[in-house]
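The structure appears right after this line, and notes come after that.
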Protein chains: 2
Amino acid sequence: MDVGKWKSIFGRYEAASFTVNKRFGSMIKEQLQDVLTVEQQMTLSYIKRFGSCTTTELAEAFCVQKSAITAIVTRLAEKGYIHRIRDEKDRRIVYLKLTEEGLKVFQWGEEKVFEVVSPYLKTFSEEEIETFLTLYEKLASQVNEE
Amino acid sequence: MDVGKWKSIFGRYEAASFTVNKRFGSMIKEQLQDVLTVEQQMTLSYIKRFGSCTTTELAEAFCVQKSAITAIVTRLAEKGYIHRIRDEKDRRIVYLKLTEEGLKVFQWGEEKVFEVVSPYLKTFSEEEIETFLTLYEKLASQVNEE
DNA sequence: TTGAACAGTTCAACTCTTGAACTAGTTATG
DNA sequence: CATAACTAGTTCAAGAGTTGAACTGTTCAA
C-alpha cells in the first residue's frame with residue numbers, strides 16, 4: 001500500500017474514533033451525573049478488577065504521572081469509596097481497595113455505562129461484533145506492547 | 001443473545017477502548033510536546049476540514065458547552081493560530097479560520113499523530129483494516145444519530 | 001552504614017470543563 | 001413599530017485532571 005492509501009486509512013480511523021469517543025464520553029458523563037466523573041468510574045473499575053492495586057499500577061495503566069492518580073484517589077477516598085491500606089512488610093506501598101459503598105457505586109456506574117453503550121453494540125450482528133472486537137482487541141494488544 | 005453474553009461483549013469493548021485510548025492519547029500528547037494539546041490539535045483539525053466554522057458548531061461536534069470552546073479558541077488565537085472573523089450580515093456570528101501559522105502547526109501536529117498511529121494500523125492486513133474501519137465507521141454513524 | 005532507589009504525596013501552575021450571568025444582535029408577534 | 005423571545009458568543013468562578021519538581025518515608029545493596 002502506498003503512503004496516500006495509509007493517509008486515507010489513518011483519516012478514516014481518526015474520524016471514527018473522534019466521533020465515538022466524544023459522543024460516548026458525553027453520554028456516559030451525563031449518565032454518571034454528579035456522582036462520579038468518567039476517570040473516577042474507570043479508577044473504581046480498575047481496582048475492582050484486580051481486587052486491590054497500587055498508585056504506581058494505576059499510573060501505568062492510565063498512562064499518567066503518579067501525582068495525577070493521587071489526586072483522583074484522594075477525591076474517591078474523601079467520598080468514602082476507597083480505602084488506603086499500607087503493606088505491613090514494605091511500608092512504602094499503599095494498597096487501594098474499594099469500600100462496600102465504593103463497590104455499590106461502581107456497580108451502579110457500570111450499569112449506567114452499559115445502558116449507554118449496549119444499545120449501539122446491539123445494532124450489529126453477532127458475527128459483526130465478534131469480528132470488530134477481535135480486531136479492536138488485536139489493536140489494543142499491539143498498542144500495549146510498549 | 002442473552003444478557004450475560006451482552007455483558008461479556010460490553011466488557012471486551014470497554015477494555016479494548018480503554019487501552020487504545022489511553023495509550024494512543026499518551027503517545028500523541030508526548031509527540032505534540034508543548035506546542036499543542038490534544039484538544040487544540042483536534043480543534044485546528046476540525047477548522048481545517050471545514051475551512052471555517054463557528055463556536056456553536058465546534059461545541060456540538062466536541063459535545064461540550066460553548067464556553068469550553070471559547071477557552072480553547074482564545075488560547076489558540078493568543079498563539080496566533082486562529083483568526084476570529086465577524087459575519088457582516090449576522091453580526092452575532094464569529095467565523096474561526098486558521099492563520100498561515102495555524103495551518104503549518106496543524107500539519108506538523110497531524111504528521112506527528114500519523115507517526116504514532118500508523119505503525120499500529122500497518123500491523124493489520126489490508127482486508128482486516130478495511131473490515132475494522134467499516135465496522136468502526138458504522139458504530140460512529142449510529143452514535144452520531146442523536 | 002550510608003547512598004541509591006523506590007512508593008507515594010504535596011504543591012503550583014496549567015488546561016479543560018460546566019453552568020450561570022452577561023453582551024450584543026436578530027427575529028417574531030401583537 | 002415596539003418589545004419580547006430567541007440566538008451567538010463571552011466572561012467568570014469553581015472544580016477535575018494533569019505535569020513536573022520537590023519532598024517524606026522506606027527499603028536495599030555496596
Side-chain angles (χ1 to χ4, degrees), chain A residues 21-22 25-44 46-47 52-79 81-97 109, chain B residues 21-22 25-44 46-47 52-79 81-97 109:
Chain A
N21 289 335
K22 293 293 188 191
S26 143
M27 286 187 280
I28 290 168
K29 185 175 189 177
E30 197 187 335
Q31 284 303 301
L32 295 180
Q33 301 158 22
D34 292 326
V35 179
L36 289 171
T37 66
V38 173
E39 292 303 305
Q40 286 170 3
Q41 171 68 14
M42 293 197 289
T43 303
L44 296 182
Y46 190 94
I47 298 172
S52 92
C53 72
T54 65
T55 299
T56 302
E57 277 168 51
L58 277 167
E60 277 165 12
F62 284 60
C63 306
V64 294
Q65 299 293 322
K66 287 185 290 182
S67 53
I69 300 299
T70 298
I72 293 173
V73 166
T74 298
R75 283 178 206 114
L76 286 168
E78 275 166 4
K79 296 198 216 181
Y81 299 154
I82 283 183
H83 271 145
R84 282 180 162 108
I85 301 161
R86 281 223 110 85
D87 185 310
E88 283 306 313
K89 293 181 181 168
D90 185 342
R91 299 193 50 74
R92 290 171 301 182
I93 299 170
V94 176
Y95 294 115
L96 305 169
K97 286 185 198 292
Chain B
N21 290 335
K22 293 292 188 192
S26 142
M27 288 187 278
I28 290 168
K29 186 175 188 176
E30 197 188 334
Q31 285 303 303
L32 294 180
Q33 301 159 22
D34 292 327
V35 180
L36 289 171
T37 67
V38 173
E39 292 303 305
Q40 286 169 2
Q41 171 67 12
M42 292 196 290
T43 303
L44 296 183
Y46 190 94
I47 297 172
S52 93
C53 73
T54 65
T55 299
T56 302
E57 276 168 54
L58 277 167
E60 277 165 13
F62 284 59
C63 305
V64 295
Q65 299 293 322
K66 286 185 289 181
S67 53
I69 301 298
T70 297
I72 293 173
V73 166
T74 298
R75 283 177 208 113
L76 286 169
E78 275 166 4
K79 296 198 217 182
Y81 299 155
I82 282 182
H83 272 145
R84 284 181 160 107
I85 300 161
R86 282 223 111 84
D87 185 308
E88 284 307 312
K89 292 181 181 168
D90 185 342
R91 300 195 50 75
R92 289 171 303 180
I93 299 172
V94 175
Y95 294 115
L96 305 169
K97 287 185 197 291

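Each chain gets a letter, A, B and so on, in the order the sequences are listed, and its residues count up from 1.
When every heavy atom of B:Leu32 is checked against every heavy atom of B:Thr37, the shortest pair comes out as CD1-O, 4.0 Å.
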Table of protein N/O atoms under 3.5 Å from nucleotides 23-26 of chain D N/O atoms:
residue: D:dT26; atom: O3'; partner: A:Arg91; partner atom: N; Å: 3.4

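To the nearest angstrom, C1' of C:dT26 lies 15 Å from CD of B:Glu88. Between the CG atom of B:Asp34 and the C1' atom of D:dT19 there is a distance of 10 Å, rounded to whole Å. For B:Leu32 and D:dT18, the CG to C1' distance is 15 Å, given to the nearest whole Å. The CD1-P distance, from A:Ile82 to C:dT9, rounds to 11 Å in whole Å. In this entry the distance linking CG of A:Leu36 with P of D:dG15 reads 18 Å, nearest Å. For the pair B:Lys29 NZ and D:dG20 C1', the interatomic distance rounds to 12 Å; values are reported in whole Å. Rounded to an integer number of Å, the gap from CZ of A:Arg84 to P of C:dA7 is 16 Å. Rounding to whole angstrom units, CG of residue A:Leu58 and P of D:dG17 are separated by 13 Å.
For the pair A:Lys79 (side chain) and A:Val35 (backbone), a donor-acceptor distance under 3.5 Å is present.
Salt-bridge formation is not detected for the pair A:Arg84/A:Glu78: no Lys NZ or Arg NE/NH1/NH2 atom is positioned less than 4.0 Å from an Asp or Glu carboxylate oxygen.
Residue order along DNA chain D, read from the 5' end via each residue's closest nucleotide, puts B:Leu96 first among B:Leu96 and A:Phe62. Nearest-nucleotide positions on DNA chain D place B:Lys66 closer to the 5' end than the other of A:Val64 and B:Lys66.
A distance of 3.5 Å separates CG in A:Leu58 from SG in A:Cys53, rounded to the nearest 0.5 Å. Residue A:Ile82 holds its CD1 atom at 9.0 Å from CD of A:Gln40, rounded to the nearest 0.5 Å. Atom OG1 in A:Thr54 sits 10.5 Å away from atom CG in A:Asp87 (nearest 0.5 Å). Atoms CD1 and CD, from B:Ile69 and B:Glu57 in turn, are 11.0 Å apart once rounded to the nearest 0.5 Å.
Taking a 4.0 Å limit (strictly below) on heavy-atom distances, residues 68-78 of chain A reaches DNA chain D at A:Ala68, A:Ala71, A:Ile72, A:Arg75.
Within a 6.0 Å radius of CD in A:Glu88, other residues, nucleotides and ligands contribute 12 heavy atoms or fewer.
Contact annotation for A:Ser67: base contact, defined as any heavy-atom pair under 4.0 Å involving a base atom.
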Evaluate side chain to side chain contact (heavy atoms under 4.5 Å, CB included) for A:Leu96 paired with A:Ile85, printing each intermediate quantity in order.
CA-CA 6 Å; A:Leu96 305 169; A:Ile85 301 161; over 6 Å; no
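Of the side-chain N and O atoms in A:Gln65, one or more sit less than 4.0 angstrom from OP1 or OP2 of D:dG20. Dashed line: the shortest gap from a side-chain N or O of A:Thr55 to OP1 or OP2 of C:dT9 is under 4.0 Å.
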